[in-house]
Trainee: 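Right, I'll just put the structure down here and ask away after.
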Amino acid sequence: MAEHPPGSQDFIRAIVSRDLDAQKHGGVVHTRFPPEPNGYLHIGHAKSICLNFGIAREFAGGLCNLRFDDTNPTKENMEYVESIQEDVRWLGFDWEERCFFASDYFEQFSDYAVLLIKKGKAYVDSLSADDIRCYRGTLTEPGRESPYRTRSVEENLHLFAKMRAGECEEGAHALRARIDMASPNINMRDPTLYRIRRVPHHRTGTTWNIYPTYDFAHPLSDALEGITHSLCTLEFEDHRPLYEWVLNECDVACHSQQIEFARLNLTYTVLSKRKLAGLIEEGHVSGWNDPRLPTLMGLRRRGYTPEAIRRFCEHIGVAKRENVVDVALLEHCVREDLNARAQRVMAVLRPLRVVLTNYPEGCVEELTAVNNPEDPTMGTRTVPFSRVLYIERDDFREDPPKKYFRLAPGREVRLRYAYIIECVDVIKDERTGEVVEVHCRYDPDTKSGSGRSARKVKGTIHWVSAAHALEAEIRLFGHLFSVPDPDHEKAGQDYRSLINPNSLESVRGCQVERALQGAGVGQRFQFERQGYFCVDCDSTSQALVLNRIVALRDSWSKIEHGQTQDRR
RNA sequence: UGGGGGAUCGUCUAGGGGCAAGACAACAGAUUUUGGAUCUGUGAACCCAGGUUCGAUUCCUGGUCCCCCAGCCA
């Protein structure tokens with residue numbers, strides 16, 4: 001069921017509801033997600049997937065097909081087909097037995113082309129591509145009719161057969177719709193229906209020498225599959241009259257309705273295939289699954305959950321106006337999801353050695369820690385505690401600023417799940433002045449959960465027992481671009497010049513809690529006070545590697561930044 | 001200066017002749033053994049000008065600005 005309250009569904013669902021109520025299309029809704037297998041899916045595609053599959057799921061009897069729009073063999077291949085299938089499945093959608101390919105319909109498309117020729121609605125043009133462009137006119141001037149426009153039906157049939165039989169060179173001819181060269185809509189100025197491409201197709205091999213264009217194949221594919229609502233992005237809006245023309249002239253039984261919506265844009269990233277490919281080719285990122293990329297494989301590797309992405313897609317809605325969604329909303333959605341599900345664990349990214357001078361040497365206590373305070377059914381675990389610990393370097397300041405609640409000389413903090421400690425000494429490197437170790441005294445009466453001490457301290461910090469910790473590499477990601485709208489380059493500016501040079505920081509020598517022992521690739525954790533992390537595919541049993549999915553909200557950093565600004 | 005779309009808080013999205021709603025973000029407070037989470041609160045918008053109307057963000061007219069289209073790409 002739609003989770004949208006009545007009266008607040010998006011305009012597409014409103015149309016579907018209305019059509020269903022009116023018993024249009026026999027009272028059913030049937031959508032499709034129609035990617036071209038020429039690249040990998042990104043979060044913008046997720047919006048379309050969630051829309052199409054979501055509508056099918058929400059309305060009784062609804063169905064959604066996966067359909068590969070594989071009409072251009074020069075750009076497409078099976079690797080993309082497989083990765084797209086994997087991504088759609090991962091996102092949580094099921095096309096059941098309805099995975100189709102436009103190439104499945106090539107024979108029927110060809111029959112329809114012949115039908116159009118016979119009706120005098122299509123002709124073989126022998127102008128070159130350049131000439132066709134010249135004849136097309138401009139935005140303000142009408143086009144001119146091709147000299148080949150008046151060929152006889154017989155000649156058109158004959159030439160089309162030759163094209164199909166592979167007897168013509170690429171570019172020698174093209175099949176065009178005979179519509180109106182003076183149309184103010186350029187798409188209606190005798191658009192190309194078929195072109196010659198003498199290259200093997202990833203599914204049909206060398207059986208075809210001609211391939212239909214999107215404008216011809218798409219409406220017919222929809223008709224053949226019984227699609228009721230054909231959802232696409234705004235740039236196809238002025239193709240709609242052509243979509244209608246093809247359906248009408250081919251006299252198909254099913255006449256679906258094309259509805260356009262605005263594609264997704266996200267701050268601090270790019271979503272165009274061209275720009276994403278550029279980032280990879282030029283080595284700005286490591287590949288299509290680089291965790292900084294908004295590709296589904298990148299987000300998956302980073303640790304994003306399908307639930308979070310689906311929730312995000314619900315949040316952003318569907319409308320016709322151009323939009324740029326704040327990436328903070330995406331981040332909010334993962335946090336919301338992972339807060340409820342991720343096991344808590346302590347991990348120190350930048351270790352500072354702490355010695356508890358009054359803690360017995362060689363003693364190890366096993367302390368009880370809660371796995372997820374949001375979900376008691378996740379139980380507890382035990383964490384080893386001993387005389388030498390690591391804490392976060394950030395959690396100690398020799399000269400603490402105002403409102404800093406963590407450790408500093410003479411100050412007290414609680415160690416999470418353990419004791420209150422007081423800093424009694426600071427050991428520095430004599431040459432660099434760097435703090436290398438902190439000496440503290442622990443108060444045995446303040447053991448967590450003992451209830452013996454009513455003492456309150458302002459801060460609680462995480463820690464790890466030096467002797468028991470595991471070492472790990474942890475990758476921190478920032479935005480890929482340093483400006484919120486890298487797509488709107490100022491004049492003379494290239495999006496590449498807006499790349500954030502510090503979008504990846506790899507931190508080695510991190511010390512993580514024993515509980516991470518044996519964690520498998522893809523497993524997610526909350527590192528207390530820090531964020532959500534996911535075991536990367538580079539991780540091995542010998543060398544743990546984790547990605548930071550997203551940091552926890554950090555109100556201290558805001559306070560601190562505010563303080564530094566005030567000091568100006 | 002052709003055609004097609006669009007314009008509501010900083011962002012995204014609702015609403016539709018009669019109090020402009022929600023989410024994210026921001027800010028403030030409560031709470032807290034995660035400066036997390038949670039809770040409460042605050043600030044924040046109808047592109048402009050006319051017209052119709054008791055009343056217009058909504059309807060009408062005229063502007064302005066933004067996006068898309070001249071692939072044998074999708």
Trainee: Kindly say whether the aromatic ring centers of A/F160 and A/H173 come within a distance under 6.0 Å.
Mentor: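 Centroid distance A/F160-A/H173: not below 6.0 Å, so no.
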
Trainee: Is B/U38 paired to anything, Watson-Crick or G-U wobble with both distances less than 3.5 Å, and if yes, which nucleotide?
Mentor: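 B/A30 - that is the nucleotide pairing with B/U38, both distances being under 3.5 Å.
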
Trainee: Indicate, with yes or no, if the rings of A/F312 and A/H315 have centres closer together than 6.0 Å.
Mentor: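 That pair fails the under 6.0 Å test.
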
Trainee: Quick one, give me the B/S/- string for nucleotides 1-9 of chain B, reading 5' to 3', where B means a protein heavy atom under 4.0 Å from the base and S means that only happens at the primed atoms, P, OP1 or OP2.
Mentor: -BBSSSSB-

Trainee: Using OP1 and OP2 only, check whether a side-chain N or O of A/R274 sits under 4.0 Å from B/C73.
Mentor: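 Answer is no, no contact under 4.0 Å.
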
Trainee: Decide if the gap between the ring center of A/W556 and the ring center of A/Y404 is smaller than 6.0 angstrom.
Mentor: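 Here the rings of A/Y404 and A/W556 have centres that are less than 6.0 Å from each other.
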
Trainee: Would you say the ring centers of A/Y214 and A/F236 fall short of 6.0 Å from each other?
Mentor: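 Aromatic pair counts; centres sit under 6.0 Å.
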
Trainee: Kindly state whether the ring of A/H239 and the ring of A/Y243 have centres lying under 6.0 angstrom apart.
Mentor: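 Ring centres of A/Y243 and A/H239 not closer than 6.0 Å.
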
Trainee: Kindly say if A/T71 contacts the phosphate of B/A74, meaning a side-chain N or O under 4.0 Å from OP1 or OP2.
Mentor: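 Answer yes for this pair, as a side-chain N or O of A/T71 is under 4.0 Å from OP1 or OP2.
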
Trainee: Any side-chain N or O of A/R529 under 4.0 Å from OP1/OP2 of B/U32?
Mentor: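 Result: no.
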
Trainee: Between A/R133 and A/F236, which residue's closest nucleotide on RNA chain B lies nearer the 5′ terminus?
Mentor: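 Its nearest nucleotide lies further toward 5', so the answer is A/R133.
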
Trainee: Tell me if the centroids of the rings in A/F101 and A/F68 come within less than 6.0 Å of each other.
Mentor: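 Yes - the distance between ring centres of A/F101 and A/F68 falls below the 6.0 Å cut-off.
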
Trainee: Would A/Y80 and A/Y40 count as a close aromatic pair, with their ring centres under 6.0 Å?
Mentor: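 Yes; A/Y40 has its ring centre under 6.0 Å from that of A/Y80.
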
Trainee: Is it true that A/F533 and A/F527 have ring centroids separated by less than 6.0 Å?
Mentor: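 Yes.
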
Trainee: Do any N or O atoms of the protein come closer than 3.5 Å to N or O atoms of nucleotides 40-45 of chain B, and which pairs are they?
Mentor:
none

Trainee: Since syn is defined as within 90° of 0, does B/C19 count as syn or as anti?
Mentor: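 That one's syn.
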
Trainee: Distance check: side-chain N/O of A/K558 vs OP1/OP2 of B/C27, anything under 4.0 Å?
Mentor: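 Looking at the OP1 and OP2 atoms of B/C27, one of them is under 4.0 Å from a side-chain N or O of A/K558.
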
Trainee: Given B/A26, is OP1 or OP2 found less than 4.0 Å from the side-chain N or O atoms of A/R553?
Mentor: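 Yes.
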
Trainee: Please check the phosphate of B/C24 (OP1 and OP2 only) for any side-chain N or O of A/H315 closer than 4.0 Å.
Mentor: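 No.
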
Trainee: Counting only Watson-Crick or G-U wobble pairs whose two distances fall under 3.5 Å, which nucleotide matches B/G71?
Mentor: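 Matched B/G71 with nothing under the 3.5 Å cut-off.
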
